[in-house]
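Quick notes on the structure that follows.
In this chain, residues are counted from 1 in sequence order. Because only heavy atoms are used, hydrogens play no part in the values below, and waters and symmetry mates are left out as well, while side chains stay in.
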Amino acid sequence: MKNIIEINDFSAPELDIYARTSEVQLLRYNEPAPGFFIAESPKVIERACSAGYEPVSFLVEHKDLEGEAKELLERFPEIPVYTAEYETLVKMTGYALARGMLCVMRRRALSSIEEICQNARRIAILENVVNPTNIGAIFRSAAALHMDAVLLPSGCSDPLYRRASRVSMGTVFQIPWTYFDKKISWPDTGMHILREFGFKTVAMALRDDSFSIDDPQLHAQEKLAIILGTEGDGLAAETIADCDYTVKIPMSHGVDSLNVAAASAVAFWELGRK
């Protein structure tokens, strides 16, 4: 392939985007236009491409040029492919590569809340979930367990951060999602918008006065918005007070709570079933 470029100089400016640019800097690279993100592993990159995201360049371990990456690279014969041995790539990027492949991709303008909610019956809302691993795991569960979309207040970690999209196995490119506009205050204005779209809101919280997660009232609702809170502290008291239902997952053996990603899987499975 004519687009293969051997890495001989770490300081080459075309490698800055892999070696010397943070994910926040990538996000803001073209402000006010959408910036870039880095996708990792052939499966995640393929799902991003299938969803219409545009690759800018690839970074590939030598052995994968004729391995897992080959078919994907052949789809983009004009896109630069930077390559070296695994140890060189790790030294340059500062982290271990999953499946020996990275790709810089262009972001797209986010859909509006109206577009996301228009035909949705079950949606997830993540309040200030900041760990990219949790974000990725929640998106994977949302896609697998019958959620139609995910909405994010501004305090959440970006689903397109490298680790989040990798942990999600690329499902961040398969399930519709967007952020609430920064002008929309959460939870008060955000809750009002959800109700305008016909959603009943469910706060997942550790409260003794909660509904059982298998309560028939919940399953009878045409539209539900399932709201999960930040790691450790959970949902804000104001958010819980504004919700139509508060739901607690029953525990045993003296365990008081689940990690937010584990809790999301239980909630999506039970409340997402049609």
Side-chain angles (χ1 to χ4, degrees), residues 21-29 31 34-40 44 48 93-96 98 105 107 110-111 113 116 123-145 147 149-191 194 201-207 225-243 246-247 249 256-268:
T21 307
S22 71
E23 294 199 278
V24 173
Q25 289 172 323
L26 287 173
L27 171 65
R28 299 173 177 169
Y29 206 91
E31 282 187 334
F36 301 112
F37 66 94
I38 291 179
E40 182 179 9
V44 172
T93 61
Y95 52 82
M105 310 197 84
R107 289 177 179 264
L110 292 173
S111 299
I113 296 289
I116 293 292
I123 63 174
I125 299 173
L126 313 184
E127 182 182 271
N128 300 328
V129 178
V130 297
N131 186 309
T133 299
N134 283 335
I135 290 284
I138 293 169
F139 264 79
R140 189 173 182 183
S141 292
L145 302 174
M147 293 297 104
V150 180
L151 300 182
L152 308 170
S154 59
C156 278
S157 183
D158 187 349
L160 297 188
Y161 280 171
R162 176 185 61 86
R163 184 164 181 80
S165 65
R166 179 170 68 81
V167 171
S168 84
M169 294 297 290
T171 54
V172 295
F173 307 112
Q174 296 178 306
I175 185 169
W177 64 272
T178 196
Y179 280 97
F180 284 94
D181 189 287
K182 291 181 180 179
K183 297 176 183 177
I184 297 174
S185 62
W186 176 263
D188 48 358
T189 307
M191 290 282 195
L194 292 172
T201 50
V202 176
M204 300 301 300
L206 300 173
R207 294 259 300 253
I226 301 163
I227 308 174
L228 297 122
T230 184
E231 298 88 351
D233 293 335
L235 288 173
E238 182 184 2
T239 302
I240 297 172
D242 283 351
C243 282
T246 301
V247 171
I249 298 171
D256 62 354
S257 65
L258 294 174
N259 166 274
V260 65
S264 75
V266 175
F268 298 162

side-chain contact (heavy atoms from CB on, under 4.5 Å) against Val202, all qualifying residues, sequence neighbours excluded: Met204, Leu218, Leu224, Tyr245, Val247, Leu271
Quiz item: cation-pi between Arg162 and Tyr95, 6.0 Å / 45°: yes
From Ile116 atom CD1 to Phe180 atom CZ, the distance as rounded to the nearest 0.5 Å: 11.0 Å
Thr178 side-chain N/O to Leu110 backbone N/O, donor-acceptor pair under 3.5 Å: no
Flag side-chain contact, heavy atom, 4.5 Å: Met147 against Ile226: yes
Closest non-hydrogen atom pair, Asn128 against Gly155: OD1-CA, 3.3 Å
Trace of the side-chain contact (heavy atoms from CB on, under 4.5 Å) decision for Thr133 with Tyr161: CA-CA 10 Å; Thr133 299; Tyr161 280 171; over 6 Å; no
Results of side-chain contact (heavy atoms from CB on, under 4.5 Å) for Arg140 - residues two or more places apart only: Met169, Thr171
Point-to-point distance, once rounded to the nearest 0.5 Å, from OG of Ser264 to CD1 of Ile138: 4.5 Å
Close side-chain approach of Phe37 to Ser165, heavy-atom, < 4.5 Å: no
For Leu258, side-chain contact (heavy atoms from CB on, under 4.5 Å) partners two or more places apart: Ile249, Met251, Ala262, Ala263, Val266
Separation of Trp177 CH2 from Leu160 CG (nearest 0.5 Å): 4.5 Å
List the atom pairs, donor and acceptor, that lie under 3.5 Å between side-chain atoms in residues 231-242 and the rest of the protein, sequence neighbours left out.
| residue | atom | partner | partner atom | Å |
| --- | --- | --- | --- | --- |
| Glu231 | OE1 | Val130 | N | 3.2 |
| Glu231 | OE2 | Val130 | N | 3.4 |
| Glu231 | OE2 | Asn131 | N | 3.1 |
| Glu231 | OE2 | Asn134 | ND2 | 3.0 |
| Thr239 | OG1 | Glu127 | OE1 | 2.4 |

Nearest non-hydrogen partners of Thr246 and Ala205, listed with the distance: CG2-CB, 3.9 Å
Gap separating the CG atom of Asp181 from the CD1 atom of Ile113, nearest 0.5 angstrom: 8.5 Å
Heavy-atom check, side chain of Phe139 versus side chain of Val167, under 4.5 Å: no
Heavy-atom closest pair, residues Ala164 and Pro159: CB-O, 3.6 Å
Minimum heavy-atom distance Gly229-Val129, with the two atoms named: O-CG2, 3.7 Å
Least distance between heavy atoms, Ser185 atom then Thr189 atom: OG-OG1, 2.8 Å
Rounded distance [0.5 Å steps], OH in Tyr179 versus SG in Cys156: 6.5 Å
Tyr29, OH atom: more than 12 neighbouring heavy atoms under 6.0 Å: no
Separation of Arg107 CZ from Phe36 CZ (nearest 0.5 Å): 10.5 Å
Contacts of type salt bridge (charged side-chain N to carboxylate O under 4.0 Å, His left out), residue Arg28, not counting sequence neighbours: none
Counterpart residues, side-chain contact (heavy atoms from CB on, under 4.5 Å), relative to Ala225 (two or more places apart): Ile123, Ile125, Leu194, Phe199, Thr201
Ile227 and Met191, any side-chain heavy atoms less than 4.5 Å apart: yes
